[in-house]
Structures are given as C-alpha cells and as structure tokens.
Amino acid sequence: MSTTEESPKKSLNFIEQIIEDDLKNGKNQSQVHVRFPPEPNGYLHIGHAKSICLNFGLARDYQGTCNLRFDDTNPEKENVEYVESIKKDIEWLGFKWNDKPLFTSDYFEQLYQFAIQIIKAGNAYVCEQSAEEIANYKGTPTQAGKDSPWRNRPIAESLDLFERMRKGEFAEGTLSLRAKIDMASPNMHMRDPLMYRIKKDAHHRTGAEWNIYPMYDFAHGQSDYIEGITHSICTLEFEVHRPLYEWFLDQVYDPSRLRPRQIEFARLNLSYTVMSKRKLLQLVQEGLVSGWDDPRMPTISGLRRRGYTPKSLHTFADMIGVARRDNMIDLGKLEFAIREDLNKTALRRMAVLNPLKVVITNYPEGKAEMLDAVNNPEDETAGMRQVSFGREIYIEQDDFMEQAPKNYFRLTVGAEVRLRYAYFIRCTEVVKNSDGEIIELRATYDPESKGGKSPDGRKVKGTIHWVSAEHGVKASVNLYDRLFLTEDPQDVEEGVNFLDTINSESLKVIDAIVEPALLETNVGDHFQFERMGYFCTDLDSSSNRLIFNKTVGLKDTWAKVSQN
RNA sequence: UGACCGAUGGUGUAAUGGCAACACUGCAGUUUUUGGUACUGCCUUUCUAGGUUCGAAUCCUGGUCGGUCAACCA
C-alpha cells in the first residue's frame with residue numbers, strides 16, 4: 001500500500017495551539033468551555049464579531065460549548081435594549097449559545113460570599129479612603145504606592161462594614177472593599193485593587209436589591225470559575241490584568257473543579273472607522289449618524305442594514321486571523337468579503353442612478369416589448385426575468401461622453417453601444433439646454449440586434465444598462481462612503497478631535513430609476529445593480545417608496561483607468 | 001525614566017531549528033452581452049547588532065521601534 005497521503009495540515013492560530021496542547025495533556029478533563037462576555041452598554045461592532053467568530057468557532061471546532069454571559073456589573077450604563085440587540089446580533093451571525101443567556105448579576109450572591117471568604121482569609125479589607133485619596137496613594141507606573149491606613153484593620157471590622165455596605169448604610173464613594181495584595185507592585189493592577197464599590201443605581205435585572213456592585217477584575221474571573229470556563233479569551237489590553245485574574249482565582253480555587261485560563265489576542269482595528277464603544281456612542285448621541293444601525297456604522301446592526309451578510313463576516317473573520325500583534329485591517333478586505341458572497345447570490349437588476357434620457361428615433365412610437373434577462377450569471381438556478389423596453393429609455397450619465405478618449409467603450413456621438421439584453425444603438429444627436437448641459441440624447445437602434453447580438457456578427461465593445469422611461473420606477477438610493485477621512489481617526493494630532501476627521505460626504509441620497517422587477521422586494525433583499533454595485537432594500541423601504549442602500553460598489557477598472 | 005507584550009511584502013496571516021508561503025491590495029494580460037466574475041503572470045517580505053548551531057524568521061543577549069497599564073468602567 002502507498003503511504004497514507006498527508007492531509008495538508010491546517011495551520012493553527014496560537015489559541016488553537018494552546019487548546020490542542022491542553023486537550024492532549026488532559027488539562028481540565030480535556031474540556032473546552034469558552035464564553036463571550038459583552039457588557040450591555042452599547043451595540044456590538046465588527047470587532048465583537050471577530051471575537052464571536054473566535055469563541056463560538058472554538059466551541060464548534062473542539063466539541064465544546066460557548067456561553068453568552070452579560071457582564072452587567074455597572075448598572076449606571078447598562079440596559080435591556082443593549083441586551084436584546086446583542087442577542088439578536090449573535091443569532092444573526094448564526095451562533096447558538098450554550099443553554100440560556102447568562103448574567104454576572106445572577107452570581108451577585110455567590111460573588112458576595114467569595115468576597116467574605118477572602119476577607120476572612122485576611123486578604124481583603126474595607127477601605128475608607130476617597131477615590132481621590134486612593135488615586136494619590138496608588139503611586140504611578142514608575143513609583144510605588146503607599147498602604148491605605150485601613151489596610152490592616154481587624155477582619156471583623158471589615159466584615160461588619162462590608163455587610164453594612166450591602167445594606168445601604170453608606171453613601172456612594174465613601175467605602176470600598178479592596179484586595180490586600182501589594183501597593184509596591186510594578187503592576188498597577190496589583191496595588192490593592194477595588195473589589196466592590198457602593199452604587200445606588202437601579203440595576204436592569206436586580207433592581208434595587210444591591211447597594212454594592214463588584215468590579216470587573218473580581219467579577220469576571222470568578223464568573224468564569226463559576227461557569228466552568230476553561231479558556232477565557234479576551235483582548236490584549238487585559239494582559240496586565242492576568243496576574244490579578246490568577247490571584248483572585250487562587251483565593252477561592254477548589255482543585256476538584258475546572259480552572260479557567262485567560263488568553264489575550266489583538267483586537268480588530270479597521271481603517272477609516274472607529275471601534276471604541278464610547279466613540280460610537282458619541283456618534284449616535286450627537287446625531288452624527290442616524291443611530292446604532294446607521295449603515296455607515298461599523299456595528300453589526302449597521303453592517304446588516306448596509307447589506308453585509310453573516311457569511312461575509314465569517315469570511316472576513318477567517319481572512320484576518322487571530323494573533324497577538326496590533327493590526328490595522330484594510331477596509332478593502334471587508335469589501336472583498338461581501339463582494340465575494342454577493343457575486344454568487346445577489347440577483348442582477350438594472351437601475352439608473354444618474355439618469356440621462358435617450359430617445360430612439362426609429363423605434364415605433366407607442367411600442368413596448370418584453371426582453372429576456374438573466375437573473376444571475378453566477379447561478380443558473382436563479383433563472384430569467386423579463387424587462388420592458390420602449391422608445392424612450394434612461395441611461396447612466398457616465399455612460400455618455402461627447403468628447404470621448406479612444407479607450408472609452410460606452411456611448412458617444414456616432415458610435416454604437418449595446419443595451420444590455422436589448423439592442424445595439426447608435427447616438428445621432430445631443431440635445432442641450434441653454435446652459436449647454438446635455439439633457440437628452442437621440443439615437444437609432446438596429447432591429448436585427450434584439451437580445452444584444454447582431455446577425456452580421458459585428459463587434460460592439462461596450463455594454464451599458466438602461467431602464468425604460470415608460471416602465472421605470474422611482475427609487476431613493478442611499479450612497480455611502482467611509483465615515484472618516486483618515487485611516488486611523490483615533491490617531492490624530494493633539495487638540496484635534498476624532499470628530500474633526502469625519503467625512504461630511506459619507507451619505508448621498510439620490511433619486512434613481514429602477515426596473516419594475518424591483519417593486520417586488522422585501523426589506524434586507526440583496527441585489528446587484530448591474531455595473532454599479534451591490535444594494536439592499538432598506539428597513540424603511542415600502543412599495544410606495546422604494547429605498548435601497550448601497551452596500552459596496554463593483555470593482556471599477558474604468559474608474560482607475562480614466563483617472564490617468 | 002517602571003512592568004508587561006509585540007516586531008515576517010503596501011495590509012493581514014502562516015512557516016513550531018531544515019527551500020519564507022497564503023490571502024487581500026497593486027500592476028500586466030486572457031476570457032466576457034456587467035470595464036463585474038473567472039483565469040494567468042508579475043511586483044513586494046523575516047527591525048537591528050552580536051551569539052548558539054552543520055543549519056535561525058524561529059533559541060539566547062543587547063539595542064531600536066510600536067503597543068498596553070496610574071477609572072469606585074469593562
């Protein structure tokens with residue numbers, strides 16, 4: 001027998017390598033249990049999509065499970081609208097979380113008991129310093145901090161105060177529970193970090209039940225532990241938190257249980273946009289965009305409304321990979337991913353975005369006919385449709401030039417061009433208004449060229465799209481461009497706000513004329529408007545008023561050539 | 001000037017001590033009733049200086065550059 005053919009071993013990213021090592025070594029009973037832990041204080045963006053594809057993908061590939069856990073420890077900023085949008089976006093991406101959605105707030109009592117256990121062990125204390133005092137005592141990255149005067153108070157006293165904090169006996173900002181670690185640690189996060197603070201805001205799930213809320217570092221790791229998470233994957237900025245993650249775990253760890261491990265990867269940066277929730281919130285609140293789902297937003301809901309598909313986002317996530325190096329992904333990669341998907345699936349339609357009327361003078365007045373058109377040349381099963389043709393049609397303004405260079409294949413005076421799926425026409429006359437602007441074209445057609453072929457076999461290089469003036473339907477089309485002018489809006493000079501680099505022309509609303517077949521469309525449908533780009537039916541579209549959003553243009557070689 | 005992390009074409013990501021490769025972009029061409037798609041070819045790569053080794057992108061040391069960390073946010 002021949003040797004077994006070597007299966008081309010797929011290269012693993014560094015997280016998959018860690019997992020496969022753990023599996024091989026039988027660590028954590030060879031289980032893979034991950035989680036996606038959003039804070040419900042904003043809408044998910046494409047950076048989250050990367051993380052979602054990573055975590056849920058790992059669970060799928062290693063027969064594990066992935067929890068959805070809302071990290072809801074800050075009632076001031078969190079709400080149910082965000083919870084619902086997050087669930088919707090994850091489902092839309094095609095992933096299923098393990099069991100039901102989980103919440104850190106479900107563990108508040110357990111977390112409180114852990115805290116008591118740590119106080120009793122002498123490793124946490126109630127501190128009476130103000131926020132300002134704590135900051136002053138904390139030192140700087142290059143300077144050690146100083147111990148809080150409350151650091152060595154009796155355990156019983158801390159226990160009593162902590163209980164009374166919970167009961168609501170103290171005002172916000174007066175007391176806090178702190179881990180007793182090392183005020184001189186070179187790692188700022190180890191300088192007696194806060195575990196609990198007093199907060200009287202109503203929580204979106206627990207209401208007024210709690211007057212104290214756990215801080216991220218304490219809550220997150222312990223929640224991982226409670227849920228039996230094995231690999232706790234987060235972004236690079238949490239790297240310096242890892243020693244603290246381990247320290248808290250050590251306080252409560254029972255060796256008979258699974259022990260989670262934090263692994264950090266580089267977050268996604270996309271050119272010409274911003275990815276921080278704070279900045280995205282600002283765009284929404286200041287009305288610079290129409291909302292979280294504005295098609296110019298890098299949010300999952302914005303991309304969905306723009307016309308991106310779940311598949312394209314998966315493709316994109318696969319393309320960009322996972323590593324520990326800071327990155328700036330070219331927006332073009334995202335656009336490639338959606339074109340690749342839509343090229344195979346989107347029905348072709350004809351739409352004229354900037355209409356120019358053409359009268360075909362030798363076509364009988366009052367006559368109309370139906371012509372066959374292919375719905376999708378990439379997919380035979382998509383079938384055919386019929387389009388109405390008549391004596392007066394609209395073509396794209398860019399498809400006519402009075403003084404054309406010789407490599408211009410479109411319509412010009414005296415030259416012949418093919419109307420897609422219709423006839424060859426030859427321009428005979430240009431009609432202008434008193435300002436010298438072209439307002440209409442006259443042309444003749446070749447009746448023998450029906451369908452776009454001529455019996456004499458003569459070659460016509462250019463093919464342009466068109467819509468019958470009599471049958472065409474009006475539609476509103478939103479043309480989108482990048483939201484920011486600079487590649488990295490976060491990286492601006494001092495004194496310049498990221499909002500100063502916003503692209504004032506990121507949205508153009510135009511009136512287009514589209515073929516009647518587009519009347520039968522539902523919200524979210526994807527089309528290729530031939531030669532123009534991919535478009536989708538907007539949320540606000542109706543049969544009375546069609547609205548299409550431009551997802552992305554087709555690759556346009558001519559645009560590049562004609563630049564020079 | 002502290003600790004930690006990182007550095008491979010224009011952009012990303014592989015190569016796990018043994019021929020630096022894949023995708024995107026760009027350029028050139030073939031096909032084409034979308035100047036689309038598809039296909040072909042090309043351009044372009046290991047931050048730096050030492051060391052270990054028969055052999056280094058990979059291991060070690062120094063340097064350089066970049067990132068993160070001083071919220072009662074996550």
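Every heavy atom of this structure was used, including side-chain atoms; hydrogens, water molecules and symmetry mates were not. Per chain, numbering begins at 1; letters A, B, ... match sequence-line order.
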From the set [options], return the single nucleotide nearest to any side-chain atom of [X].
X      : options             : answer
A:N327 : B:U13, B:C69, B:G36 : B:U13
A:F336 : B:C72, B:C24, B:U34 : B:C24
A:K138 : B:G67, B:A74, B:A70 : B:A70
A:N74  : B:G35, B:C73, B:G36 : B:C73
A:P186 : B:G35, B:A70, B:A3  : B:A3
A:M215 : B:C73, B:U13, B:G35 : B:C73

Quick one: [X] [atom1] to [N] [atom2], roughly how many Å, whole number?
X      : N     : atom1 : atom2 : answer
A:H241 : B:C5  : NE2   : C1'   : 13 Å
A:F238 : B:A3  : CZ    : C1'   : 18 Å
A:H203 : B:C73 : NE2   : C1'   : 14 Å
A:E378 : B:C39 : CD    : P     : 10 Å
A:L236 : B:G66 : CG    : C1'   : 12 Å
A:L281 : B:A74 : CG    : P     : 16 Å
A:D488 : B:G66 : CG    : P     : 15 Å
A:K333 : B:G9  : NZ    : P     : 13 Å

Which is true for [X] with a 4.0 Å heavy-atom rule: it touches a base, it touches only sugar-phosphate, or it touches nothing?
X      : result
A:I329 : sugar-phosphate
A:V460 : nothing
A:E239 : sugar-phosphate
A:T140 : base
A:R324 : sugar-phosphate
A:R191 : nothing
A:K555 : sugar-phosphate
A:R242 : nothing
A:P377 : base
A:T73  : sugar-phosphate
A:K453 : base
A:Q143 : nothing
A:E39  : sugar-phosphate
A:L12  : base

Over-ring placement of [X] relative to [Y], 6.0 Å and 45° cut-offs:
X      : Y      : answer
A:R205 : A:F103 : yes
A:K279 : A:F498 : yes
A:K199 : A:Y213 : no
A:R482 : A:Y272 : yes

Pi stacking test for A:Y216 and B:A74: under 5.5 Å apart, planes under 30°: no
Tell which nucleotide pairs with [N], taking only Watson-Crick or G-U wobble pairs whose two distances are both under 3.5 angstrom.
N     : value
B:U1  : none
B:G41 : B:C27
B:U32 : none
B:C72 : none
B:U64 : B:A7
B:U52 : none

On a whole-Å scale, what distance lies between the [atom1] atoms belonging to [N] and [M]?
N     : M     : atom1 : result
B:A21 : B:C43 : P     : 12 Å
B:G51 : B:G10 : P     : 29 Å
B:U46 : B:A20 : P     : 12 Å
B:C42 : B:G9  : C1'   : 14 Å
B:U48 : B:U8  : C1'   : 14 Å
B:G26 : B:G17 : P     : 37 Å
B:G6  : B:G41 : C1'   : 36 Å
B:A23 : B:U44 : C1'   : 15 Å

Short side-chain N/O contact to [N] OP1/OP2 from [X], under 4.0 Å:
X      : N     : answer
A:R325 : B:U8  : yes
A:R197 : B:A74 : yes
A:K560 : B:G26 : yes

Residue mapping more 5' on RNA chain B - nearest nucleotide basis, A:M188 or A:T142: A:T142
Pairwise 5' ranking along RNA chain B for A:K344 and A:E132, keeping only the more 5' one: A:K344
Ring centres of [X] and [Y] under 6.0 Å apart?
X      : Y      : value
A:Y216 : A:H220 : yes
A:F535 : A:F548 : no
A:F409 : A:W558 : no

Heavy-atom donor-acceptor pair, A:R339 side-chain to B:U37 base, under 3.5 Å: no
A:S158 (side chain) donor-acceptor with A:V126 (main chain) under 3.5 angstrom: yes
Salt bridge present between A:E246 and A:R242 (N-O < 4.0 angstrom): no
Residues A:K24, A:D21: salt bridge by 4.0 Å N-O rule: yes
